[in-house]
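Everything on this sheet refers to the single structure shown next.
Both ligands and their constituent atoms are indexed starting at 1 by order of listing.
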Amino acid sequence: MKTVFSDTQLAHAPKQEISDGELKPAVEVPSRAEMVLETVKSRKVGEIVSPDDFPIRPLHRVHAPDYVGFLEDFWDKWLAAGRSNEAFPFVWPIRSLRQDIDVNHIDGLLGRYSMDAGTPLGENTFKAARASADTALTAAKFLLDGEQSAFALCRPPGHHAGFDFFGGYCFLNNAAIAAQYLRDYGLHRIAILDVDYHHGNGTQALFYDRPDILFLSIHADPKDEYPYFLGYADETGEHAGTGFTRNWPLPLGTDWDSYTPALEEACRWLLVYKPDAMVVSLGMDCYENDPISGFRFKSEDFSRLGERLKKVGVPTLFVMEGGYAVDALGTNCVNVLEGFAG
Ligand code: Q9C
Ligand code: ZN
């Protein structure tokens, strides 16, 4: 299986994040990608290639152009406002506030285009996020060229980012951009299976009214875990997309044995839907020692996950999402890829 990765993705290097009432060391760090890359090399997963530079258009197929423009121009505006540290939003246009104002102030813009205060924006964030999206697009192209699988070593991750907002360490929704690209270049039905520990709210919302992109997600119950406000079992799609979204919220403490019934159900949906390709939003944060998560996967369970996904029998694009136990991240990720490759 080919892996796509670019060093440019390492340029987004947040120092701190706001969590648990304090500024803590950031967990979505460049060493995550370096660790996975190392393991892809040492375990000989396959060739490692650099992404192509794609035009802006595939990004605009998923995200609002004004949002992409905001990300692109952000750092210059931040500097012009006299700021120099990495940025955090802290005010949002929630219920009772106006949604329709084009504000000037950078703090207003940060709130307008974000969902949380846990996702720092820095000097190189846009550059890295764009390289991450190009990585997903390049891997998607391998599928269009007839490969049975490909691995997009994306970082920063993407599944929390929506049409016009960043959050949850995500800026551009790599999996969604890849799925839309596969649609635009000839495939009719795409399934996205999101196995990151957190619900992929951005991806779900982007395709909620569409039958041509099935969204399936297995994750920690949002009543008890980020992103809290989406990812419940009664969210099943709307309009033409009714029935084409499925969520399996699972309790904290879920291990492989209590996870498999949900995975089997998701695989049954895949069987019925018969996608032309599957995009796996591959988070490794279900791992027992993940520092911010509450599931109990062992490293071997990631091999089982890969083996199970292989049995689905469709061309599969793996797009990396979360996973913060850096020491085990390479092992867990490559376990999935090897389990799949057999
Ligand atoms: N006290 C992904 O896995 N909240 N994003 C963490 C920790 C944000 C995770 C709070 C978690 C976002 C792609
Ligand atoms: Zn996650």
[X] heavy atoms, cut-off 4.0 Å: which ligand 1 atoms fall inside?
| X | value |
| --- | --- |
| Asp20 | 1 (N) |
| Gly168 | 2 (C), 5 (N), 9 (C), 12 (C), 13 (C) |
| Pro157 | 13 (C) |
| Tyr324 | 2 (C), 3 (O), 5 (N), 9 (C), 13 (C) |
| Ser19 | 1 (N) |

Exercise for review: Carefully, step by step, assess Tyr208 and Glu235 under the rule side-chain hydrogen bond (donor to acceptor under 3.5 Å, both in side chains).
Suggested key: CA-CA 9 Å; Tyr208 205 56; Glu235 298 156 18; 5.4 Å; no

Practice item. Any chance you could lay out the ring pair (Phe, Tyr, Trp, His ring centres under 6.0 Å) test for Trp78 and Phe74, step after step, and finish with the verdict? Key: CA-CA 6 Å; Trp78 187 243; Phe74 174 75; 5.4 Å; yes

Exercise for review: Tell me whether the guanidinium CZ or amine NZ of Arg61 lies under 6.0 angstrom from the six-membered ring centre of Tyr181 and within 45° of its axis.
Suggested key: no

Review point. What class does the angle between the rings of Tyr197 and Phe295 fall in, given that below 30° is parallel, 30 to 60° is tilted and above 60° is perpendicular?
Key: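 Because their plane-to-plane angle is over 60°, the rings of Tyr197 and Phe295 count as perpendicular.
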
**Study point:** Salt bridge Lys223-Asp221, side-chain N to carboxylate O under 4.0 Å
**Key:** no

Review point. Can we say Asp255 and Lys298 salt-bridge, meaning some charged N sits less than 4.0 Å from an Asp/Glu carboxylate O?
Key: no

Exercise for review: With Phe166 as reference, evaluate Phe126, Phe88, Phe171, Tyr113 under the ring pair (Phe, Tyr, Trp, His ring centres under 6.0 Å) test and give the passing residue.
Suggested key: Phe171

Review point. Is His198 close to ligand 1, meaning an N/O of one under 3.5 Å from an N/O of the other?
Key: yes

Check your understanding: With a 4.0 Å heavy-atom cut-off (strictly under), which part of Asp285 contacts ligand 1: side chain, backbone, both or neither?
Key -> side chain

Review point. Any idea which part of His159 is under 4.0 Å from ligand 1, heavy-atom wise: side chain, backbone, both or neither?
Key: side chain

Review point. Would you say Asp285 has an N, O or S atom lying under 2.8 Å from the Zn ion (ligand 2)?
Key: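 Under 2.8 Å: Asp285 contacts the Zn ion (ligand 2) through an N, O or S atom.
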
Check your understanding: Looking at the Zn ion (ligand 2), is one of the N, O or S atoms of His219 less than 2.8 Å from it?
Key ->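 Looking at His219, which is the residue asked about, there is no N, O or S atom under 2.8 Å from the Zn ion (ligand 2).
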
Exercise for review: If you have a sec, work out which protein heavy atom is nearest atom 6 (C) of ligand 1 and how many Å separate them, to one decimal?
Suggested key: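 The answer is Tyr169 OH, 3.6 Å.
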
Practice item. Kindly indicate whether the side chain of Leu206, heavy atoms from C-beta on, has any atom under 4.5 Å from the side chain of Phe215. Key: no

Exercise for review: Quick one: the OD2 of Asp196, the Zn ion (ligand 2), ND1 of His198 angle, rounded to 10°, please.
Suggested key: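 The OD2/ND1 angle about the Zn ion (ligand 2) sits at 160°.
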
